[in-house]
Amino acid sequence: MMSTKAFTLVSAVERELLMGDKERVNIECVECCGRNLYVGTSDCFICHFLLEEKTLPAGTATFTATKQLHRHLGFKKPVSELRAASALNRLLVLCDNSITLVNMLSLEPVPSGARIKGAMALALNENPVNGDPFCVEVCIISVKRRTIQVFMVYEDRVQIVREVSTPEQPLAVAVDGHFLCLALTTQYIILNYNTGVSQDLFPYCSEEKRPIVKRIGRQEFLLAGPGGLGMFATVAGISQRAPVHWSENVIGAAICFPYVIALDDEFITVHSMLDQQQKQTLPFKEGHILQDFEGRVIVATSKGVYILVPLPLEKQIQDLLASRRVEEALVLAKGARRNIPKEKFQVMYRRILQQAGFIQFAQLQFLEAKELFRSGQLDVRELISLYPFLLPTSSSFTRSHPPLHEYADLNQLTQGDQEKMAKCKRFLMSYLNEVRSTEVANGYKEDIDTALLKLYAEADHDSLLDLLVTENSCLLIDSAAWLEKHKKYFALGLLYHYNNQDAAAVELWVNIVNGAIHDSTRADLYEYVVDFLTYSSNQELVWKYADWVLQKSEEVGVQVFTKRPLDEQQKNSFNPDDVLTCLQKYPKALVKYLEHLVTDRGLQREEYHTHLAVLYLDEVLQHRPGASSKGAEVTETQAKLRHLLQKSDLYRVHFLMERVQRAGLPMESAILHGKLEEHEKALHILVHELKDFSAAEDYCLWRSEGRDPPYRQQLFHTLLAIYLSPGPSAPELAVAAVDLLNHHATEFDATQVLQLLPGTWSVQLLCPFLMGAMRDSIHTRRTTQVALGLAKSENLIYKYDKMKLKGSSIRLSDKKLCQVCQNPFCEPVFVRYPNGGLVHTHCATSRHTNPSSPSPGART
Amino acid sequence: MKKPDGKIVLLGDMNVGKTSLLQRYMERRFSDTVSTVGGAFYLKQWRSYNISIWDTAGREQFHGLGSMYCRGATAIILTYDVNHPQSLVELEDRFLSLTDTASTDCLFAIVGNKVDLRENGAAESQEKEGCSPGLAGAGCASPKVPKQVQLEDAVALYKKILKYKMLDEKDMPAAEQMCFETSAKSGHNVDLLFETLFDMVVPMILRQRAQGPPQTVDISNYKPPKRTKSGCCA
Ligand SMILES: Nc1nc2c(ncn2[C@@H]2O[C@H](COP(=O)(O)OP(=O)(O)OP(=O)(O)O)[C@@H](O)[C@H]2O)c(=O)[nH]1
Ligand SMILES: [Mg+2]
């Protein structure tokens, strides 16, 4: 078992000082109270010493004892026990079965001569039941067989308060409150002297060994058990701590928190109450007394007195940590919580946790280390600083002093083992990533993020990019140098961007795309740059790289103009004319941009529309000769051209007409004729040149869109007339005419049509048309009839109303007054309201101009 | 130190594997143990409760400590070695009386450990089945004819214990529920054993809390109990 150094043994009273040359005199008992040390001897002397403690520069304490007085008690018997009662300034002396009270300083017996007779052993109650501070409770084993007596001891008198008998002869006693802990002949018991209730603890054999009963704290005792065990027992008769393991022949025990100290004839052993482990062994021959007095532990042989000086707890803990005994150190530190002021404890404990964390860390026990760092509230920079070059050069951090660990850096810690080094780095990555968004990072965000960036960059970790595109505190100068060193140019660009240096960022990326520098992070970096510029609000930057992106790809590059965010478009920050000028060299891009202006943004400017149409036209023409291979594409452009010509009303029709006709594009010519309302020309082209009858039909529908029905009818009749006009292709056109009539029966005036049609056509042929026309005509007739009927009945209703109003006569007399002015009518002229009210004609008119007058109802 | 809410005590002859069982459960490992001196204990947090588990020493020398360890126990695990019938006999002869100090509603579990060793001798044991436990002890002296304990023997002991404690079988968990066969070496049934007990101990802790500490009466807060209608003076 590894040992701890918890105590050092120093001499307190040398043999010579005590008994001079009296060879046969032995020390029988000791008592220590503050600086007073008392020794009782075999020749019935009490000696009083004053202890003086000195701390040597090395940190160890020494004691010198100066002899004060000594007094012979007047018996031939040894002094068997001494107990100080400092509140009474009395020393209780047990000698020859009698307890005398003597003055602590003069060693004179009290004048009253008060004493307790018939005592074999005594114990002071350190947890007294009586509240009187000038009274000491003393418990004795009486010379009377199987009897315990309890006394109150005052300055100069004693008073028995209780006598209890025990089942067997008691051999040792300790007391706490009302509870006596007794070693009887064959067993230990707890006895409540107030209630008489007793509780067996466990058996032992008094013939084989001397019992030990020692109060160790409130309601708890330490007992010598079988097999050299130090057993703990509470007044309730239960054990709350596991036993400590002493040697069989232990003769004394003492407590000095958190240690249990035991004495046998060769050694002093020290066990921890916290983990029951033996911590220290000190060789000590012929010891026969071991006692603790308010935290001071004294051992004595029959010739000399020694003090066990505890090492400061912090020193013990540091020793444990130094030997990597983390668990024990923490247990010891935690155990000290009660004995150290809270503030001081927290500072100390935190530091210990941090140290322990580094020990675990050095053993690559990362989970444990992390927990310790967390609970010890470690300044993360302590950890970061272990890794060379990770802290930013600007960081003001210096390691805490004294140091938390012994390592200069990671190289030393891992002794150059690359694998260990990598593990440590991975740990730091995950640790920093975890803490960077917690309060641990407060105040050190730059240090943490910069370190993290460096780790990611070095390890080629994906999270590098995530770090840079989200909120971060990476320091620019440090990070930039590091990224450059590790050739993380794309990431460097992100860093520049984050620091509002977009120009630098784009320049870097462009260099990567151009192959001037190498970084394969993104295969689609060109598209990325285009996207970046598209969303960049920096116009200057966009202009600067416009040529570059367009040279790479016109279609993709033009997106920097066409895909700009909507809110920016509304502000119209890019002047279309500037863009168009720029795009002169890039025809494909130009088309795309014009399409964007015309279609997406719906700009109503003649130039754009005409320009776009001309560009379409050029392309159509360019691909026309021998265009069999690219047929699909040409029709696509042609379709676009036709669509534009049809839908837009803004282009210059005549200008285009000329070019289209020159180019010999009949369909386009037809559309342009349509635009000019030259339907006959248009339809003529469609029917005679192109022989595209369905296009002709579509034309009629297109041109009559949004017009009134007669216009539409007119158009269809025009087409029909062309079909029916005599000519070389008459039979073919006749079929087209039939189809037209049958498909669009409702678009025609049937009577007109019937007059136009040649008599030779069968009814069968025109059946759908005729049926449609009939149905239409009948339908029209019926709806008209219904409308007529409705109008008639409406008229009747009005007639009825009129009759009613005219039906009765009105008598005008002097008694009838105008409802408005309340004056009689002087002339036979009046106005009558539908409710029957009569008013003067002038009152009726003025009523309309005077809203405040009473309203007699609406006038008919 | 946190005061435990409940106490579980492991009892049984030396060498049956008490320390090994506890070590397997608490530290998830099986390694060499030395014969326990005195006793040791662990604190186990189960839900929000702290349960102390005491490992006692089986050696005769420490027998006297048993009563103290068992005082106020909420549950006691009586452990034997399935390959040593005598260890089962000892439970009744030597260890049962130690449990008198346990809480009056104390639970008992009977655990036959080292079942991993039983497989080897299973064939032989079947021939010898039915030999009385008294004779079995003597049989153990001969290594060639290992005698083994069957689960029924443990069940019988469990019922005997309930009789001894004058407990009604109906009020206590069924024998089948409280008799386990384990192996600290393989881990077989070890978690089941402890966690079954923990789950049973929690309601007992709650019950004890509701009753309050038995000997403390808080006079400062004393209110006369309300008379119920069935009270004698009503
Ligand atoms: N094969 C096998 N061996 C076991 C098992 N459990 C314990 N042992 C072994 O049995 C021996 C005794 O085990 P312990 O756990 O020390 O026994 P104990 O009951 O604590 O003994 P005491 O402390 O003396 O009372 C050790 O050598 C263990 O390795 C088991 O399940 N299978
Ligand atoms: Mg054990």
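Chain naming here is simple, since letters A, B, ... match the order of the sequence lines and numbering starts at 1 in each. Everything quoted here is computed from the prediction, not taken from an experiment.
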Original post:
For the candidates A:Q276, A:R337, A:M231, A:K334, which exhibits the highest count of non-hydrogen atom pairs separated by less than 4.5 Å from chain B?
Top reply: A:M231
**OP:** Sort out for me which residue in B:V115, B:N113, B:L192 forms a side chain to side chain contact (heavy atoms under 4.5 Å, CB included) with B:T182.
**Re:** B:N113
Original post:
Given B:D13, which of B:K18, B:R94, B:R59 fulfils the salt bridge (charged side-chain N to carboxylate O under 4.0 Å, His left out) condition?
Top reply: B:R94
Subject >> Under-4.0 Å salt bridge between B:R28 and B:D191 >> reply: yes
**OP:** For A:Y188 and A:A224, indicate whether the former's side chain and the latter's backbone hold a donor-acceptor pair under 3.5 Å.
**Re:** yes
Original post:
Given a strict heavy-atom distance threshold of 4.5 Å, which part of A:F232 is in contact with chain B: side chain, backbone, both, or neither?
Top reply: backbone
Subject >> Rounded distance [0.5 Å steps], CD in A:E327 versus CG in A:D275 >> reply: 9.0 Å
Original post:
Under a 4.5 Å heavy-atom cutoff, which of A:G225, A:G230, A:P226 has the most pairs with chain B?
Top reply: A:P226
Original post:
If you count heavy-atom pairs under 4.5 Å with chain A, which of B:K7, B:H63, B:M68 comes out on top?
Top reply: B:M68
Subject >> Per-residue contact mode, A:L201 against chain B (heavy atom under 4.5 angstrom) >> reply: both
